[in-house]
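Beneath this line is the structure, given in structure tokens, with notes to follow.
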Amino acid sequence: MEDKQYLLDTRYLRMAFIWAENSYCQRRRVGAILVKDNMIISDGFNGTPSGFPNVCEDKDGVTIPYVLHAEANAITKVARSNNSSEGSTLYITTSPCMECSKLIIQAGIKRVVYSEHYRITDGLDLLRRAGIEILHLPVHDTDE
């Protein structure tokens, strides 16, 4: 059973990397896939809110403050649907920040699988404190 879960984890994580390609951000493209009962219930990538120009950085290359993270996009997208994220797994290309970790906890997500470490780890620390299962699968482990 563990081998099957590992296979699913790597496949969904690869899908998150593909979804990240939709981002217009130049500094870092991040993708997220939200899965419950082996079904994708939401997805997201980092970018600007609906109706805003698809520009994520200012002229100096600094991320514009209103850019949404991939996790926030996936969580708010599922909130607008008839689905519930309670008990789901979130697959993210990069580990979550503190703000997104708060959303993950409040959304009832029970498991987070990510590939790349973000430079600040306080988001992961918060998830651990909340008892959320965390799995780090580096990029080179996602190849079949």
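In this chain, numbering begins with 1 at the start of the sequence shown. Computation of the quantities below employed the complete heavy-atom set of this structure, encompassing side-chain atoms and omitting hydrogens, waters and symmetry-equivalent molecules. Keep in mind that what you see is a predicted model, and the values were worked out from it rather than measured.
By the neighbour-count criterion of 12 heavy atoms within 6.0 Å, atom CD of Q106 is sparsely surrounded, having that number or fewer from other residues, nucleotides or ligands. Counting heavy-atom neighbours within 6.0 Å of N82 CG, excluding the residue itself, gives a total of 12 or less.
Looking at heavy atoms from C-beta onward, W19 lies in side-chain contact with I33 at the 4.5 angstrom threshold. Counting only heavy atoms from C-beta outward, the side chains of T89 and L135 never approach each other to under 4.5 Å.
In this structure, CZ on R111 lies 5.0 Å from OH on Y91, to the nearest 0.5 angstrom. From L90, atom CG reaches atom CD of E71 across 6.5 Å, with rounding to the nearest 0.5 Å. Note that CD1 of I92 is 7.5 Å distant from SG of C100, once rounded to the nearest 0.5 Å.
In terms of modelled atom types and a separation under 3.5 Å, the side chain of H117 and the main chain of T94 share no donor-acceptor contact. A donor-acceptor pair is defined here as one N or O able to donate and one able to accept, closer than 3.5 Å; no such pair exists between the side chain of Q26 and the backbone of E57. Side-chain atoms of T93 come within 3.5 Å of backbone atoms of G31 as a donor-acceptor pair (strictly under, hydrogens ignored). Remark: side-chain polar atoms of K36 are paired, donor with acceptor, to backbone N or O of E86 under 3.5 angstrom. Panel note: side chain S23, backbone N46; a donor-acceptor pair is recorded below 3.5 Å. Side-chain atoms of D60 do not come within 3.5 Å of backbone N or O of V62 as any donor-acceptor pair. A distance-only check finds a donor-acceptor pair linking the side chain of N73 to the backbone of F45 [under 3.5 Å].
The two residues Y118 and S95 make their nearest non-hydrogen contact at N-OG, 2.8 Å. Shortest non-hydrogen contact noted between G123 and S101 is O-OG, 2.9 Å. Listed here is the closest heavy atom pair of A20 and V30: CB-C, 3.5 Å. Between M15 and I40, the closest heavy-atom pair is CE-CD1, 3.2 Å.
A search for disulfide (SG to SG under 2.5 Å) contacts involving C25 returns C56, not counting sequence neighbours.
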